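Below is one structure, written out as structure tokens; the observations come after it.
Since this is a predicted model, take the numbers as computed values, not measurements. Lettering follows sequence order; numbering is per chain, from 1.
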2 protein chains.
Amino acid sequence: MRPTIRDVAREAGVSLASVDRVLNRRPGVRAGTILRVEAAVARLGFVRDLAAANLSRRRDYRFVFLIPTGPNTFMRELEAEARALGEQVRPARVAVEVVGVPPFDGEALAAALDALAPGEVSGVALVGTDAAVARDALVRLAAAGVPVVTLVSDVPFAPRSRYVGIDNVAAGRTAASLLGRFLGPRGGTVALVAGSMLVRDHVERRMGFEQVARAEFPRLSPLPVIEGRDDAAATRAALAALMAREPGIAGLYNMGAGNRGVIDLLRALPESGRPLAVAHELTPHTRAALRAGLIQAVIHQDAGHEARSALRILRAAAEGAPLNEAQERIRVEVYLRDNAP
Amino acid sequence: MRPTIRDVAREAGVSLASVDRVLNRRPGVRAGTILRVEAAVARLGFVRDLAAANLSRRRDYRFVFLIPTGPNTFMRELEAEARALGEQVRPARVAVEVVGVPPFDGEALAAALDALAPGEVSGVALVGTDAAVARDALVRLAAAGVPVVTLVSDVPFAPRSRYVGIDNVAAGRTAASLLGRFLGPRGGTVALVAGSMLVRDHVERRMGFEQVARAEFPRLSPLPVIEGRDDAAATRAALAALMAREPGIAGLYNMGAGNRGVIDLLRALPESGRPLAVAHELTPHTRAALRAGLIQAVIHQDAGHEARSALRILRAAAEGAPLNEAQERIRVEVYLRDNAP
DNA sequence: GTGAAAGCGCTAACAT
DNA sequence: ATGTTAGCGCTTTCAC
């Protein structure tokens, strides 16, 4: 039988309340008593039952996830994961609420953040738009004592703020490595497509790509970045225009969303004229394109893992619990046709 | 305020005990009462507090992990993860015990399994050795009602038995894809190294490799598999012998452990004569080799994820709870120098 | 069949 | 500074 605070109290010769005070480091206990209780705890190997403690405290948690609206497949998956997670943790008395926010819109994000009543929310996770207004709203929220994590795209707003997502520089480096090796010693020109150079993740991916291209694959010539605003049609049009004025493109790296546009364009090209392509996020579209050989590799981040990780981090912050850091590292996943799930 | 069984009882006009009986589908309740309770549950949106339920049931869990002994870095990491996990879940009244078992030894594994008293253990996770004796012991254990999962290397012993680990055929396919692309149109002969063709994971990796090599990279010529028993020295010796009698090896796929032996040998080779290499499991050694350019890619499985997944599955089985299947899928991770964490 | 009441291990008033 | 006691939400005897 595992020891309880009653056992500890008896062993230390004090009351339950004193044991509780010591365990929770509450004031009002003599130093000597503290020592006796701690000795008893050590002797018995006592470990406090978290469930019982939380039950007694009748704590309820409410966490809010701010996720961009719009057709972006990855964001929709992230939202679905957050909602599913909410169902899963409900029996443990924690509520997860998903709030939609217009994408690429710092003002809207700031407004949504300011609308949160600090007393009523135990923590906030949000997909960042790196604008000054948003940063300010985050600072206010954190100042009010609400734990905050940024998801997928970071907004560094405080020295100790946490980011849940991949290392986007590493992702860009990986893309360059793959394209560099796949293209071989001949190299070639490479088209770079982003959603917007105003979101941090795309900027960082580009940086990583250039680093490796320059240092290790000098025969790789990246063209200036074109922007597709994470929209399929716009991306396709911009890319088509680029290919028209820049013949002989050998490689393609889509750092943003809008993969449907890229894939449609690739499919329309004669096989001999198709660049080798690397894209982000495994979705039904990119998976099909991998299988069809239209895309050679996909760099991926696991939305479910990110949602769970964000919740674990917020929960730990809310209850002052420790964290298994290794579990929270989001992987830069690489999928070829053969290991795609 | 979230509803409790008291609210449900009041709403349905019955007692707490009846509500409890209905919620837990225990017999001895009239059909009409059941309906009234269920209606009240639905009306109030009642969700049972799991922590309180477990507390009241005063349930303790004890799970046993059977992990091969020996110097295999990956297995040591798996053990460390299992132990760390044990610390983490102790406050929730679940104990995780790690038991060492000699590797590649079906008899020893069977003996360890038979030594488990079915009544005293809530679930067992084990790294499989696919021998008949082990399979029989697993059947006995499962028949005694103990939930079982196989880890890393499967032992199919029952139609509904669960396996926690990567799809090793996909891993082998991925290795072939990478080597095929990296070597380019010239192709070349490829050395295949395994620990033992008696463990299922290595056999499956080989199968996957051959599939892709034949179908997609006909210029890739895999040599017959050599075995190193997951031992660095033995692996190095066997590989050196192979290279001596088979000059001009262009690629290398180590499906097993013993990476230290492979890496030492590669380092000793003149740079021009080094095959491009793909290995399994990211460890300090393989990470360093990636950075040094001695290995081009590592196929990895996350030991921490596997340990946590095994525990979640066993726990769910023990308490009859549902599972988030997506969370339990172990990824075939691919690491190049640039995305290695 | 159904209900009342006593806990599970811990916390939080409220005494002392 | 320390102890007593009444719960937290649920399960489980044991009566009725």
Side-chain angles (χ1 to χ4, degrees), chain A residues 1-41 44-61 89-95 318-321, chain B residues 1-41 44-61 89-95 318-321:
Chain A
M1 204 54 200
R2 154 179 169 153
T4 73
I5 46 169
R6 307 181 80 90
D7 301 314
V8 176
R10 196 179 335 102
E11 178 85 9
V14 299
S15 74
L16 293 188
S18 289
V19 174
D20 184 65
R21 285 190 264 263
V22 173
L23 288 178
N24 292 290
R25 310 182 184 297
R26 267 190 290 264
V29 190
R30 232 189 344 230
T33 312
I34 297 185
L35 287 179
R36 274 159 60 217
V37 170
E38 283 175 343
V41 165
L44 298 176
F46 169 84
V47 179
R48 157 151 131 275
D49 182 329
L50 251 187
N54 279 334
L55 172 60
S56 177
R57 283 181 184 139
R58 87 194 76 171
R59 272 203 203 151
D60 285 36
Y61 293 108
V89 297
R90 254 183 86 194
R93 328 196 103 243
V94 356
E319 40 189 32
Chain B
M1 204 55 200
R2 158 181 167 148
T4 73
I5 47 169
R6 305 181 80 89
D7 302 314
V8 176
R10 195 178 336 102
E11 178 84 11
V14 299
S15 73
L16 295 187
S18 290
V19 174
D20 184 67
R21 285 190 263 263
V22 173
L23 289 177
N24 293 290
R25 311 182 183 296
R26 267 189 291 263
V29 189
R30 233 192 338 232
T33 312
I34 296 185
L35 287 179
R36 275 158 60 217
V37 170
E38 282 175 344
V41 165
L44 298 176
F46 169 84
V47 180
R48 156 150 129 275
D49 182 329
L50 251 187
N54 280 334
L55 171 59
S56 177
R57 282 182 185 139
R58 83 196 79 171
R59 270 204 205 150
D60 285 35
Y61 293 108
V89 297
R90 254 184 85 195
R93 328 195 105 242
V94 355
E319 41 189 29

Using a cut-off of strictly less than 4.0 Å, decide whether [X] has a side-chain nitrogen or oxygen near OP1 or OP2 of [N].
{"X": "R57(A)", "N": "dT11(C)", "result": "yes"}
{"X": "R26(B)", "N": "dT12(D)", "result": "yes"}
{"X": "N54(A)", "N": "dC8(D)", "result": "no"}
{"X": "T33(B)", "N": "dG1(C)", "result": "no"}
{"X": "S15(B)", "N": "dG3(C)", "result": "yes"}
{"X": "R2(B)", "N": "dG9(D)", "result": "no"}

### Task
Under 4.0 Å between any heavy atoms, over every strand shown, what does R59(A) touch: base, sugar-phosphate, or nothing? Just pick one.
nothing

### Message
Looking at the base of dG3(D), is there any donor atom on it, or on the side chain of R21(A), that sits under 3.5 Å from an acceptor on the other one?
### Response
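Side chain to base: pair found, below 3.5 Å.
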
### Query
Is the base of dG1(C) touched by the side chain of S18(B) through a donor-acceptor pair closer than 3.5 angstrom?
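Result: no qualifying N/O pair found.
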
### Query
Within the distance-only criterion (no hydrogens, no angle test), does the side chain of N54(B) pair as donor or acceptor with the backbone N or O of A51(B) below 3.5 angstrom?
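It does not hold such a pair.
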
Find the distance [X]:[atom1] to [N]:[atom2] and express it as a whole number of Å.
{"X": "D20(B)", "N": "dT11(D)", "atom1": "CG", "atom2": "C1'", "answer": "5 Å"}
{"X": "L55(B)", "N": "dT12(D)", "atom1": "CG", "atom2": "P", "answer": "12 Å"}
{"X": "R10(B)", "N": "dT2(C)", "atom1": "CZ", "atom2": "C1'", "answer": "19 Å"}
{"X": "R58(B)", "N": "dT12(D)", "atom1": "CZ", "atom2": "C1'", "answer": "8 Å"}

### Task
Calculate, to the nearest 0.5 Å, the distance between atoms CG and CZ belonging to L23(B) and R48(B) respectively.
6.0 Å

### Query
Just how far is it from atom OG of S56(A) to atom CG of D20(A), taken to the nearest 0.5 Å?
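Result: 8.0 Å between the selected atoms.
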
### Task
Sort out for me which residue in R10(A), R2(A), E11(A) forms a side-chain contact (heavy atoms from CB on, under 4.5 Å) with L44(A).
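The passing option is E11(A).
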
### Summary
Testing dC10(D), dC8(D), dG3(D) for proximity to the side chain of V14(A), the answer is dG3(D)

### Query
For R26(B), does the CZ atom have more than 12 heavy-atom neighbours from other residues, nucleotides or ligands under 6.0 Å away?
yes

### Query
More 5' along DNA chain C: A52(B) or A17(B), using each one's nearest nucleotide?
A17(B)

### Query
Of V29(B) and N24(A), whose closest DNA chain C nucleotide lies nearer the 5' terminus?
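In this pair, the answer is V29(B).
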
